[in-house]
Novice: 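Let me give you the structure first, and then I'll get to my questions.
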Amino acid sequence: MDLTREEQQMLSGAEGEGYKKAMEILVKMGEYSGAKRMVPISWADLTTFSGRWGGHGDSPDNDMYNFLRAFEDLSLKENAKFKCPTTIVDASNEPGRNERMEKLGAKLVAPSGGSGPQDVFPLPLFGQYVAPGPTNVATYLNSMVGARGNNEGPVGVHMAALTGRIPEYGYLLDENRHGKVLVEVKGQLKNYIDWAVLGFYISKRLSTHYWDVPVLTGIDPITVTSDDIMSFCASMNHPGSVTHFLIEGLSPEAATLETAFDGKEPKETFIVGPKEMKEIYDMYAPSGNKPDIVTVRFPLTVERLYEVAHLLEGKRIHKDVSFAVILSNSAKLVAERYGLREVLESAGVLMGDRQGQVMWNGRIIDPWVDARREGIKTMVTDSLKDCNGVGQQEIEVALLPSLEAVINTAISGKIEV
Amino acid sequence: MDLTREEQQMLSGADGEGYKKVMEILVELGEFYKAKRLVPVSLGYITLGPTPSKPGKAIEWLEELVDLGVTFKCPVFVPTDFGGRVGPDYEINRKLGAIFAYQGGGHARNPFYLPVFGQHIIGDGTSVTHYMNSYIGARANTEDFIGEYSAAIVGKTPEYGLHLTENRIGKTLFDIKVRLKDETDWSALGYYISRTLGTHYWDVPVINGVKPDEVTNDDLDTFSSSVPAYGACVHSLLVGISPEARTLEEAFAGEKPKQTFVVGSEELNGVYKTFSAVEEKPDMISVGGFGVNVSIDTVMKLVNLLEGKKVSEDFPTVIALDGPVKLTADGMGLTDKLRKAGVMIGMSEFMEAHNVDTSNLTSSPVMSAKRYGLKNIVFTDAKTCHYIENQGVNSVLKHIEEAAKIAISGRIEV
Amino acid sequence: MMEGTIILKSTHKGIGGIGEGEALVCQEPINLMADTGNVWEDASDTTFTSKTATPSVFGKNFSGKVLVFPTGKGGIFSSNIMMDVVAAGSAPKAIVNRRTHPVWAFLSIVLRIPLVDELDQDPCEVIKTGDWVKVDGEKGIVEITKRKK
């Protein structure tokens with residue numbers, strides 16, 4: 001690989017052991033992926049790694065954790081700092097962690113921020129190279145912002161953050177960003193759940209060749225909201241692993257289909273319409289059993305907060321249902337300022353702390369891990385991710401087609417579609 | 001203009017007096033600008049802004065409209081007002097169906113709800129409009145509250161100005177030959193560009209010579225606040241960053257620039273000279289100001305610069321900290337550190353200290369400097385410097401490092 | 001003593017009806033938010049108070065005048081301010097632009113201030129402060145009667 005003088009300097013150990021080790025790892029990564037050189041990054045996000053690898057269940061003793069912890073110790077000893085803007089989620093439940101990260105120069109994302117692009121400080125720009133954390137953020141930044149990043153995983157991101165560099169491979173290269181597969185979207189996408197289902201279908205269909213960038217056509221920009229896009233990005237990574245997609249007329253690199261495909265013909269074309277969407281909805285349709293848990297998975301954005309408050313006005317959550325929401329940071333501020341928090345709480349809505357948690361028998365649990373043990377039988381959600389994640393516990397998890405259906409179900413205690 | 005059947009219906013009064021009234025305004029404006037038709041808007045950011053009298057004729061006009069029973073036809077985001085109090089437009093916006101979201105007005109920093117490329121939207125004042133046009137590629141004109149509310153109520157706007165592709169193409173080239181060090185430099189660049197363009201702000205400026213990894217979103221946000229200030233430029237193209245200007249060629253759609261300006265250190269320093277000190281003692285230091293809220297980066301910088309020290313007691317040092325940035329700063333313990341150093345958090349603290357009603361935006365020191373006897377103020381952004389000048393105030397533009405030095409020493413080096 | 005009348009024609013219809021009065025010609029773009037600092041104390045005081053932004057009319061006010069300027073600039077609050085100015089009885093008689101900024105178009109539409117732009121000659125060159133100007137928004141015409149000093 002062609003290294004610049006600064007990169008060589010770091011590799012030589014002239015700036016300390018930490019930078020040297022980090023560069024060694026990056027160079028290995030680069031050589032493995034055929035990268036010709038490194039590029040400077042504008043931002044690294046250590047959010048996925050807040051001390052708990054995987055995000056579900058505590059595993060403070062795993063190798064990855066220990067490895068990165070040791071790296072941090074080394075950097076702290078050498079008084080080294082992250083060489084590019086770096087963000088991390090507040091982990092004040094782990095004593096001393098925030099202080100350590102601050103010493104290394106990381107910026108805390110607003111306390112208990114979710115992992116959505118709307119919580120990102122700073123928002124990367126088109127054309128910038130980044131090392132993103134959560135997969136849905138990586139997808140959003142590539143596809144909708146036009147920044148360039150791969151899914152490096154916690155180690156890669158940490159090394160990139162420290163050195164401010166990343167090998168130029170994968171989605172950092174033009175040729176890997178051009179569209180390969182054409183997806184014709186038919187019919188109306190009604191809400192963010194439809195978008196999630198669309199994403200699910202596409203990523204399932206692309207399956208093991210997810211690097212064939214899909215280009216969506218047939219979507220009218222007028223009614224698209226950023227909630228829709230965020231929801232789509234999340235399910236493009238679940239079940240599949242689509243890190244970059246293009247939407248004709250919406251993605252900055254896809255003003256036209258011609259530009260999206262760089263003038264070439266698509267390798268493959270398929271249609272996603274009402275029939276294909278129904279397949280997915282049917283897979284996760286509710287059986288009709290009374291739900292124990294009703295959940296809205298992702299942190300409520302401001303718009304959705306208003307929608308929920310509106311739907312709950314003058315009503316109450318059913319006594320046999322456990323219903324919790326989490327608020328994004330902006331939604332939190334607004335909820336407090338405009339009394340929406342009271343509206344929700346007096347309707348019996350539980351305000352959660354962290355994504356994916358629900359209240360059960362007066363305790364906070366993680367259904368992905370605890371559902372069966374806790375005797376939960378039926379869960380109803382707005383999120384396909386939950387359907388798959390919690391479904392592994394072998395309980396019924398059903399997808400409802402709209403936020404309204406979810407709230408109405410929580411109120412009546414029976415499935416409302 | 002070619003109106004659809006629904007639009008004609010609205011114009012005829014079939015949907016009620018309120019819709020008729022706003023359609024008439026939109027149609028009259030559309031015809032004035034030779035628009036061929038109306039286009040649907042996907043979302044709106046609306047700010048009413050201050051009025052000289054209280055509550056102001058603007059409020060009365062809106063109240064009359066609301067009484068006619070109209071509502072917004074697209075998601076409309078209304079920022080909570082400056083200083084953290086509910087303003088006189090709260091009821092109006094609530095009735096119209098606005099979504100109140102914490103933003104602090106007038107800037108695009110980390111907004112809760114972003115439009116997507118290609119959408120027609122209603123922009124909130126100029127800095128948000130500029131940001132959405134230039135870096136997201138959504139399409140918005142600068143309109144006042146009349147235009148904004150009318151369009152949001154109908155859900156459409158006349159297809160003129162920046163809603164048309166041909167008006168979005170670059171016309172003037174600014175070749176950047178100086179390194180832009182921080183947000184203050186970017187705000188100075190914005191001011192320089194807007195002064196240079198003068199009344200030719202429709203000639204979309206193309207900024208070339210900045211590498212993507214040398215600029216942050218915060219820089220662009222601050223730039224967006226000052227580039228419309230002297231002229232009315234709400235769309236510019238930053239080569240390599242703006243989605244409509246991935247290359248210089250694309251920025252100009254293959255044409256040659258009408259004019260080229262080189263921006264070197266001399267030009268940039270010229271802006272600092274324009275806003276320079278005439279006397280040693282400032283009456284106030286303000287980090288952030290009118291419609292310019294600070295970034296978390298700036299907060300962190302200031303905290304580091306003031307570490308273990310206290311600001312001078314001879315004059316107030318205020319930081320315009322608000323919204324999501326403040327929430328982060330609070331969580332990181334930065335707000336406390338600033339307070340410990342003697343910094344006032346937000347203009348409302350300053351106003352409270354003077355026993356001034358904080359719900360009255362126009363009593364804020366950046367709008368009513370005379371009231372507080374302020375004559376010589378240090379700012380870290382060029383927009384506020386420009387805006388406050390008309391009040392007989394001498395504005396001084398300084399980088400955050402220098403501002404901190406002045407805060408501690410109590411003197412500007414003239 | 002009156003001398004000669006000049007007629008300027010627009011390429012399109014203007015806004016409002018007929019308004020006439022003495023011209024106040026500003027060579028710089030105007031934003032009432034940045035340029036008329038006294039309105040916050042007194043809504044009827046339309047004095048231009050910025051030496052750097054609008055030097056050509058510094059110290060002068062536009063109440064009861066035909067305000068001639070190249071175009072609007074800056075933010076969106078000119079309308080808020082103008083509404084109160086009109087209510088305080090200090091409205092301009094008419095507006096003439098080289099090319100009108102949307103904020104000024106909207107405020108003229110709602111406040112029915114006669115406004116014309118895109119004339120066959122540059123109004124900022126042809127009209128001088130003190131000239132008598134008659135603006136016809138319907139017809140898109142500006143009539144200038146030069147006043148000999």
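Sequence lines set the chain letters: A, B, ... in the order given, protein chains first and strands last, and positions in each chain run from 1.
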Novice: Side chain, backbone, both or neither: which part of A/Leu340 has an atom under 4.5 Å from a heavy atom of chain B?
Specialist: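 Neither part; nothing is under 4.5 Å.
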Novice: Using non-hydrogen atoms and a 4.5 Å limit, figure out which bit of B/Leu220 sits close to chain A: side chain, backbone, both or neither.
Specialist: side chain
Novice: Assess whether side chain to side chain donor-acceptor pair (under 3.5 Å) is satisfied between A/Ser42 and B/Asp213, documenting all intermediate values.
Specialist: CA-CA 5 Å; A/Ser42 303; B/Asp213 60 306; over 6 Å; no
Novice: Who among B/Arg246, B/Glu244, B/Met300 has the most heavy-atom pairs with chain A under 4.5 Å?
Specialist: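 Winner by heavy-atom pair count: B/Arg246.
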Novice: Please list all pairs passing the salt bridge (charged side-chain N to carboxylate O under 4.0 Å, His left out) test where one or both residues lie in residues 298-309 of chain A, with sequence neighbours left out.
Specialist: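 Of all non-adjacent pairs touching residues 298-309 of chain A, those that pass salt bridge (charged side-chain N to carboxylate O under 4.0 Å, His left out) are A/Asp227-A/Arg304.
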Novice: Taking the six-membered ring for Trp, is the centroid-to-centroid distance between A/Tyr338 and B/Tyr90 below 6.0 Å?
Specialist: yes
Novice: Among B/Gly240, B/Gly137, B/Ser242, which has the most heavy-atom pairs under 4.5 Å with chain A?
Specialist: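 It is B/Gly240.
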Novice: Who among B/Ile241, B/Ile136, B/Val215, B/Val116 has the most heavy-atom pairs with chain A under 4.5 Å?
Specialist: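 Answer, by heavy-atom pair count under 4.5 Å with chain A: B/Ile241.
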Novice: Sequence neighbours left out, what passes salt bridge (Lys or Arg N to Asp or Glu O under 4.0 Å) with A/Asp228? Give chain and number order.
Specialist: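 Salt bridge (Lys or Arg N to Asp or Glu O under 4.0 Å) check on A/Asp228 returns nothing, list empty.
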Novice: Quick one about B/Thr4 and B/Arg37 (side-chain donor to acceptor, distance below 3.5 Å, no hydrogens or angles considered), yes or no?
Specialist: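 No pair is found: no donor N or O on one side chain lies under 3.5 Å from an acceptor on the other.
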Novice: Quick check for you: among B/Pro212, B/Pro115, B/Ala329, which has the greatest number of heavy-atom pairs under 4.5 Å with chain A?
Specialist: B/Pro212
Novice: Under 4.5 Å from any heavy atom of chain B, what part of A/Ser251 do you find: side chain, backbone, both or neither?
Specialist: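 Contact with chain B is through the backbone of A/Ser251 alone.
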Novice: Quick check on B/Val39 against chain A: is it the side chain, the backbone, both or neither that has a heavy atom closer than 4.5 Å?
Specialist: neither
Novice: Would B/Ser225 and B/Thr222 count as having a side-chain donor-acceptor pair, cut-off 3.5 Å?
Specialist: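 Note: B/Ser225 and B/Thr222 side chains miss the donor-acceptor criterion.
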